[in-house]
Amino acid sequence: MTAITHHIPDHLLASYAAGTLPHAFALVVASHISMCNDCRAAVAAHQAVGGAILEATSASPLSSGLRASVLAQLDAPARAEPIYDRSGIYPGPVVAALQGQQPKWKALGMGVRQTILTADAESNARLLFIPAGQAVPDHSHNGLELTMVLQGSFSDSTGRFGIGDVEIGDEDLDHTPTADPGDPCICLAATDAPLRFKALIPRLLQPLFRI
Amino acid sequence: MMTFDIDISHRRALTGRPRHEGKDVSKVQSNYSEQTKWMLRVKIDRDRAAFAALFDHFAPRLKGFVIRGGTPAAQAEEVIQDVMLTVWRKAEQFDPHRAQVSAWIYQIARHRQIDIARKEARPVPEELKEDPGAEADASQILAIEQESEHLKQALQRLSEDQRVIVEKAYLGELTHQEIQTQTGLPLGTIKSRIRLGLERLRHDLKGLRS
C-alpha cells in the first residue's frame with residue numbers, strides 16, 4: 001500500500017472530535033482514521049483537550065439515587081452493538097454505512113456508478129465507481145466536498161490521490177479529477193451540497209464533451 | 001464565568017518508587033494518576049469500588065459538561081448514566097498508552113449526546129486491536145499523563161476570551177467552519193501531545209499492519 005499523503009485538515013479533526021461535523025463528513029473522517037495513524041493520533045489529541053475541559057468543569061450535585069442506580073446496573077445485560085470491520089477495500093465505517101451489505105451500484109452512464117450511503121438535510125455521502133481514464137462526476141463545489149480514495153487513484157491539477165488520500169474541495173477548487181490508468185477508481189465522496197440526481201448525468205457528461 | 005477546581009490528588013507523585021521499564025512493570029503502577037489507576041482496576045479486575053470512585057469523580061463534572069454541550073437539564077442524568085455504564089462495559093477498550101481517562105470519557109460523552117440528538121450512531125473508526133502479548137509501557141502511560149497535565153495547565157493560562165472559544169469548540173458549540181475561522185483557537189497547544197500519541201501508535205502498529 002502506498003503511503004497516505006493527503007490528510008484531513010486539523011479544524012475538521014477538531015470538529016469530528018467535538019461531534020459537530022455533519023454526518024457524511026464524519027463518515028469520511030472515521031474511514032480515513034481507520035487507515036491513517038497520523039490523523040488518528042491528531043483526533044486523540046483533540047479528545048485530550050476535551051478531556052481537560054471535562055476535568056476543569058465544576059462538579060454539580062446529582063440526584064440522590066443516581067449513583068446507586070448506576071452501580072445496580074453493572075451486571076445488567078447490555079445490548080450488543082454490531083462492530084463492522086474492514087471488508088475488502090471498504091474501511092469499517094463504510095461497511096457500517098452499508099450495514100454489512102455489498103454496495104448496490106446504480107449506473108450513471110459512461111461506466112460511472114454510484115451508491116448513496118447517507119443523506120440528510122446537512123450532508124450526503126456516496127460511493128463512486130469511476131473506470132480508469134474517466135473523469136469524476138459532480139465536481140462543482142457549492143460547499144465542502146471530501147473525496148477519499150478506496151481503490152485505484154485519481155489525479156487533477158492539484159496532484160495525485162491514492163488509496164486513503166482525501167481531497168478537500170471547496171468553492172475555490174475548480175478542477176477535473178480523472179481516474180488514473182489501472183484499476184477502476186472507487187471513492188467515498190461526501191458533500192454538504194444538496195443531492196441533485198437530475199443534474200448529475202448532464203454534468204457528468206460535461207467534462208467528457210469538453211475533451 | 002467558568003471556574004477551575006484543581007484537585008491536588010490528580011497530580012501523580014514524581015518521586016517514590018523507581019520507574020521500571022519493560023518486563024518489570026506491574027499492571028497498575030502506584031505513580032499513575034488516581035483516575036488511571038481506577039480505570040485500570042475496572043478494566044483488568046472489574047473492580048466495583050474503583051468504578052464507584054470513577055463515578056464520584058466524573059459524574060458530577062459530566063453533569064455541567066453535558067448541559068453545556070446541549071443536553072436539556074432534565075435529560076442530563078440519563079446521559080450520565082449511559083456514559084458511566086459505557087465506561088464499565090467498554091473498559092477493555094481503554095488504552096492508557098493512547099489516552100488519558102478524561103479524554104476517553106469525553107469521547108464517550110460526546111458520542112452519547114450526538115447519538116441521542118440524531119437518533120443515529122455517529123461514524124466511528126475501526127478499533128485498534130491491542131496486541132494481547134504486549135507489555136504495559138509505564139513510561140508511555142506516564143508520558144501521556146504528563147502531557148495531559150501540561151495541556152490542562154496550558155488551558156488555565158489562556159486569556160478568558162481564548163478559553164471561552166476553546167470550550168465552545170470542544171463542547172460542540174462551533175461548526176467546523178467556525179473552528180476554521182476562529183483565530184483565537186490555540187490549536188498549537190496540543191502539538192506535543194500529538195507527537196507523543198503518534199510515537200505510540202507507530203510503536204503499537206509495527207508488525208500489526210504492513
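Throughout, protein chains are lettered first and strands after them, A, B, ... in sequence-line order, and every chain is numbered starting at 1. Fair warning: this is a prediction, and the values are worked out from it, not measured in the lab.
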Between [options], the one whose heavy-atom pairs under 4.5 Å with chain B are most numerous:
options                   : result
A:Val94, A:Asp85, A:Leu62 : A:Leu62
A:Gly92, A:Ser69, A:Ser60 : A:Ser60
A:Ile83, A:Asp75, A:Val29 : A:Asp75

Practice task
Please name all residues satisfying salt bridge (charged side-chain N to carboxylate O under 4.0 Å, His left out) with B:Arg89, sequence neighbours left out, ordered by chain then number.
Solution key: none

Under a 4.5 Å heavy-atom cut-off, does chain B meet the side chain of [X], its backbone, both or neither?
X       : answer
A:Tyr16 : both
A:Ser31 : neither
A:Ala78 : both

Per-residue contact mode, [X] against chain A (heavy atom under 4.5 angstrom):
X       : result
B:Ile67 : neither
B:Ala76 : neither
B:Lys90 : side chain

Problem - Distance-minimising heavy-atom pair for A:Leu144 and B:His176 - result: CD2-CE1, 3.6 Å

Handout entry: For B:Arg46, all residues meeting side chain to side chain contact (heavy atoms under 4.5 Å, CB included), sequence neighbours excluded
Key = B:Val42, B:Trp88, B:Ala91

Problem - Pair B:Arg122 + B:Asp115: basic N to acidic O under 4.0 Å - result: no

Fill in the blank from the handout: Max heavy-atom pairs within cutoff under 4.5 Å with chain A, candidates B:Leu85, B:Leu62, B:Thr175, B:Ile80, goes to B:Leu85

Exercise for the section: May I ask you to name which of B:Phe65, B:Phe55, B:Tyr106 has the most heavy-atom pairs under 4.5 Å with chain A? Expected result: B:Tyr106

Exercise for the section: Indicate whether any N or O donor in one side chain lies under 3.5 Å from an N or O acceptor in the other, for B:Gln35 and B:His57. Expected result: yes

